[in-house]
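Written out below as structure tokens is the structure these notes cover.
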Amino acid sequence: MSTDSLPVELKYWPIKRYMDTYKKSVDNIEEFWEQEARKLDWFSTWDRVLDWDIPFAKWFPGGMLNASYLCVDKHLKNWRRNKVAIYWVGEDGEEKTLSYLQLHKEVNKLAAALQEMGVKDGDRVAFYLPMIVELPIAMLACARLGAIHTVVFSGFSSQALADRINHTEANVVITADGGFRRGKIIELKSIVDDAVKDTPSVKKVLVVKRTGHDIEMQEGRDVWYHDVVRHQEKTVPPLPVESTHPLFILYTSGTTGKPKGIVHSTGGYLVYINSVYRTVFNIQEDSVYWCNADIGWVTGHSFIVYAPLLNGASIVMYEGAPDYPTPDRWWQIIEDYKITTLYTSPTAIRMFMALGEKWVKKHDLSSLSILGSVGEPINPEAWMWYFKNIGGERCPIVDTWWQTETGGIMISPAPGIGLVPLKPGSATFPLPGIDVDVVDENGKPVPDGVRGYIIIKKPWPGMALTVYKDPARFKETYWTRFPGAYYAGDYCMRDDDGYLWLLGRADEVLKVAGHRLGTVELESAMVSHPSVAEAAVASKPHEIKGESIVVFAVLKEGISPSDELAKELRTHMRNTVGPFATPENIYFVTKLPKTRSGKIMRRVLKALVAGQSIGDISTLEDKASVEEAKQAFEEFQRLTKK
Ligand code: WT7
């Protein structure tokens, strides 16, 4: 689509101006990032900008800072002391407002309580919380002490939670009695109880009272949050940590094995997200900013908590489901709080598209000025719908491409420095300081219009420090395929105007409603069921969720396929990984298509379920298995169409 068709009067920058600014930044990245680093208040300045021992980067070594200080204390020194930091909206209608001063008090009380529990510099603390104010408070309290938080999305199963607690050897878990979702209570505490049966490192479970319903508290281990913070009066000085001190660990799925614990630094990470937040969202003193991701994912870490608070912004946090109690809940919140900046996902946009415009039309959304999208490719139809119906053809859409590993946004329109003309579905250009290319299998740049892999050619401050406890995996996964460059795992195409189009994962990672899931991880969850011998997972295009999960399963000897079993397997997936990992379809087959060396050809299954041509299968061991999978799939389609 050409930009001429955009019915807007957006103030665009000439592309040349963007290019000049950009080029200057990537020609001398150290100079550029040093200038960005000066925008934060450090306790002491760095010795050097960068130590680059590929693939391990130390940004601003020697520099000392504290994330909690920068996000909270710093703002108490000026008028922002009484500025609203957080507007919180509970699903049940309860609302809370915290000024920076109040946030400071809460953070200090909890930091003091954690200190009393023995939490100290370098310790890991695991979180399993709904979207309530105690979540950012607790992150900042940990950061204040130099403790490393690991937030586990509260949709994960007890087993996934236990794995993460064990891997980090966290000694404290912070949770809540429950959370509200579509009017129902999610039993978070009992999931934690299950998880901590097998986590020897855990000494204390801190429980926030949110729902107030009856839960079990284990004497000696479980303590109420309100009890431990109540008597805290002292302020806890923020601990200056080195720039390379880990701020958090966040698990994410890859192509092989268990999820990886991505470790982010304090200095490089904060410099990076502070810089890109201003560049992309053009945040002003009176902006009211709402990112409605869950803090359990990286988007929430970087763009609900750290970057907005570093900037002294007012943020909105909403606890519940987007369409509860009515499909206009979000639009109501925007109208109420006069939100200026909305950051959401293509899945949410497509969901609202399906619900129809009438819910949007009931509300005055004229306060909005910038709209963001993240998590998966946005299709031009959804982009246009968002642009017209939510943005009133007034607001630029910033389609922001990035990953858990990159810490912050890498490719996006940048209204904060100058907006280039937009093309629906393209994330446009890399941000200053980010040197990207699109290459073929051999690392050679591909011509414009040809699909290749997106790579990043120079280090950037937001890049992960490593994979927790597995630096070799960090190197192998991201820095080996194209020597000297970061391999992101996404397909990309550059068009004739130089715009980048991110085209989805090039590896065996799925994006279901923006959630990142590894095929191998899903397959091992599937075969952990006693009836399943082998399983292959593929994704299928889905109108709202982008992709959905399809499983081909080989059952054990003597087990016969049935609808009940399919149902049971679905429940099994919910319980072992989480509700968002529920397969859309399960097909029973007697064999899986494999290569001669025994690798499952997921590509074949993916093409099959997408109705595409299967392509080259000359390396297949058994062509009959493809035929069989095809039949199982067609049979199912026949049955479900009836
Ligand atoms: C993967 C990273 C980025 C924070 C939330 C997800 C996909 C993300 C876009 C976008 C096309 C996108 C990529 C990427 N992705 N944003 N704007 N356009 N694809 O973080 O869970 O680490 O997932 O999300 O495939 O590799 P994540």
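Values below: every heavy atom of this structure, side chains too, minus hydrogens, waters and symmetry copies. Note that ligands are numbered from 1 as they come in the structure, with each ligand's atoms numbered from 1 the same way. All figures in this text were calculated on a predicted structure; none of them were measured in a lab.
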As a test of reading the model: which residues have a non-hydrogen atom less than 4.0 Å away from ligand 1? Val298, Thr299, Val374, Gly375, Glu376, Pro377, Asp399, Thr400, Trp401, Trp402, Gln403, Thr404, Asp490, Leu502, Arg505, Lys511, Arg516

If the condition is side-chain contact (heavy atoms from CB on, under 4.5 Å), which residues does Trp88 pass it with, not counting sequence neighbours? Ile86, Glu94, Lys96, Ile132, Val133, Arg210, Met317, Glu319

Non-hydrogen atoms of Tyr487 and Thr477 that approach each other most closely: CD2-O, 3.8 Å

Would you call Arg350-Glu376 a salt bridge at under 4.0 Å N-O? yes

Test your reading of the model: is there a side-chain donor-acceptor pair from Asn311 to the backbone of Ala307, 3.5 Å cut-off? yes

Please name all residues satisfying side chain to side chain donor-acceptor pair (under 3.5 Å) with Thr252, sequence neighbours left out, ordered by chain then number. Arg516

Apply salt bridge (Lys or Arg N to Asp or Glu O under 4.0 Å) to Lys458 and list each qualifying residue two or more places apart in sequence or on a separate chain. Asp435

